[in-house]
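Single-structure report; data block below.
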Amino acid sequence: MSVLGRLTLITDTRPGRKTLEVVRATLRAGAASGTAPTIQVRVEDAMTDREAYQLADAVMRLCRDAWPTTVAGDTSPESTSGPADSSADADSSRGGPQQRPLCLINDRLHIALAVAADGGHVGADDLPVAAARRVLGGDAVLGATAREPVAAKQAVAEGATYLGVGPAYRSTTKHGLPDPIGPSGVAAVAAAVDVPVVAIGGVTVDTVPALLDAGAYGVAVIGAINDAADPYEAARRFFEALRGRR
């Protein structure tokens, strides 16, 4: 079963980043919590299609293949990816993972098709939502960016199955963004549509409760996990904050 995760990790592919290590850490933290994340592969504009394909293919393989062998109950932060725990009791005590992680590709929808990803996400300057839906087909997950109710409703009407809404707060990982809309802006969009709203932009563990109270289905995170000294522990804290909001 594949369900949009309450936590979406967006990859950071800037030079020097250990992208796949952070993805592995997040998947392990999700397994420990019994909740699958969504992994959105977003690459730098300078990355070639070949490089983007290789990364997306590796992430898709992790989401499809690594998840079933990752056993819940592993909460140790000893390494970036977290140590394995072979105890079946640890898995059953939390009910085990109830779904597999989704892999979505940001912007480059031809890459999504090439790696058989679960879907894609388009921003304001990418393909229109209706065109993206035609590219991906009727069954794919398709996210769209929105920051106010009118655009949100249009995106859903054109085929978006969830919305990335923000920036909720000021972001330190992406420049040139509009002013933050805060929890009240997230609430306005959430009240206007009947698809999941994922809050993005400057999200931290401490801001999760306010965003969920505003009606967000979940959160998308970049810097708070990718920049963490221990991505496994950072992801684990997000899963903990999101627990109980299923």
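- In this structure, the side chains of Arg42 and Ile105 stay at 4.5 Å or more apart for every pair of heavy atoms.
- In this structure, Glu233 pairs ionically with Arg236, as a charged nitrogen and a carboxylate oxygen lie closer than 4.0 Å.
- Put simply, the side chain of Glu51 gets close to the backbone of Thr48: a donor and an acceptor are under 3.5 Å apart.
- With hydrophobic clusters built from ILVMFWY side chains whose heavy atoms lie under 4.5 angstrom apart, Val189 shares a cluster with Leu212.
- Here the CG atom belonging to Asp230 is positioned 11.0 Å from the CD1 atom belonging to Ile225, to the nearest 0.5 angstrom.
- Side chains of Val43 and Arg108 form a contact here, defined as non-hydrogen atoms less than 4.5 Å apart.
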>> Working note: Val198 + Val165, criterion side chain to side chain contact (heavy atoms under 4.5 Å, CB included); need CA distance, chi angles, decisive distance, verdict.
In response: CA-CA 6 Å; Val198 177; Val165 178; over 6 Å; no
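- In this structure, Glu44 contributes its side chain and Ala46 its backbone to no donor-acceptor pair below 3.5 Å.
- Inter-residue side-chain proximity for Thr38 and Leu9 is flagged as unmet; no heavy-atom pair is nearer than 4.5 Å.
- The two residues Ala168 and Pro180 have their closest heavy-atom pair at O-CB, 3.6 Å.
- Note: the hydrophobic cluster containing Met47 also contains Val59 (ILVMFWY, side chain heavy atoms under 4.5 Å, direct or indirect links).
- A salt bridge between Asp12 and Lys18 is absent, with no side-chain N of the basic residue lying under 4.0 Å from a carboxylate O of the acidic one.
- Contact annotation: the side chain of Asn106 never approaches that of Val41 to less than 4.5 Å [non-hydrogen atoms, C-beta and beyond].
- Closest of all the heavy-atom pairs between Ala56 and Ile111 is CB-CG2, 3.7 Å.
- Atoms CZ and CZ, on Arg100 and Arg64 in that order, are 6.0 Å from each other to the nearest 0.5 Å.
- Because its NZ or CZ atom is both nearer than 6.0 Å to the ring centre of Tyr217 and within 45° of the ring axis, Arg6 counts as a cation-pi partner of that residue.
- In terms of heavy-atom proximity, Ala234 sits nearest to Ala224 at CB-O, 3.6 Å.
- Taking 4.5 Å as the limit, some side-chain heavy atom of Ser33 sits within range of a side-chain heavy atom of Arg243.
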Show the atom names and distances, to 0.1 Å, of all donor-acceptor pairs under 3.5 Å that link a side chain in residues 120-129 to residues at least two apart or in another chain.
from: His121; atom 1: ND1; to: Tyr162; atom 2: OH; distance (Å): 2.8
from: His121; atom 1: NE2; to: Thr145; atom 2: OG1; distance (Å): 2.9
from: Asp126; atom 1: OD2; to: Gly123; atom 2: N; distance (Å): 2.7

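- Residue Arg237 qualifies as open at atom CZ: its count of foreign heavy atoms under 6.0 Å is 12 or below.
- When all heavy atoms of Pro167 and Pro178 are compared, the pair lying nearest together is CG-O, 3.4 Å.
- For the side-chain contact (heavy atoms from CB on, under 4.5 Å) with Leu102, the qualifying choice from Ile39, Val3, Thr8, Asp118 is Asp118, the only one to do so.
- The existence of a salt bridge linking Glu21 and Arg24 is excluded, since no basic side-chain nitrogen approaches an acidic carboxylate oxygen closer than 4.0 Å.
- Tested against Val219 for a side-chain contact (heavy atoms from CB on, under 4.5 Å), the candidates Val203, Ile200, Val205, Val186 yield a single pass: Val203.
- Residues Thr35 and Leu242 form no side-chain contact, since every pair of their non-hydrogen atoms from C-beta on lies 4.5 Å or further apart.
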> Passes side chain to side chain contact (heavy atoms under 4.5 Å, CB included), Ile222 versus Asp227? Steps please.
Replying inline: CA-CA 8 Å; Ile222 308 172; Asp227 293 344; over 6 Å; no
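- Between Thr19 and Asn226 the shortest side-chain heavy-atom distance does not fall below 4.5 Å.
- Using a 4.5 Å heavy-atom threshold, the side chains of Val22 and Thr11 count as separate.
- The main-chain N or O of Tyr53 is never found under 3.5 Å from a side-chain atom of Asp57 such that the two would form a donor-acceptor pair.
- Contacts classified as salt bridge (Lys or Arg N to Asp or Glu O under 4.0 Å) and involving residues 198-209 (residues at least two apart or in different chains) are not found.
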> Arg14 and Arg17: side chain to side chain contact (heavy atoms under 4.5 Å, CB included), yes or no, with the steps?
Replying inline: CA-CA 6 Å; Arg14 290 176 293 176; Arg17 301 287 169 156; 2.9 Å; yes
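- Here the straight-line distance linking atom OH of Tyr169 with atom CD1 of Ile181 works out to 10.0 Å at 0.5 Å rounding.
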> Stepwise, does the side chain to side chain contact (heavy atoms under 4.5 Å, CB included) test hold for Leu109 with Leu113?
Replying inline: CA-CA 6 Å; Leu109 302 185; Leu113 293 175; 5.7 Å; no
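- Closest heavy-atom contact between Ala220 and Ile10: CB-CD1, 4.0 Å.
- Remark: the backbone N or O of Leu142 is paired with a side-chain donor or acceptor of Thr161 at under 3.5 angstrom.
- Closest of all the heavy-atom pairs between Cys63 and Cys103 is SG-CB, 4.0 Å.
- We find the CZ-CG distance between Phe239 and Leu7 to be 4.5 Å, quoted to the nearest 0.5 Å.
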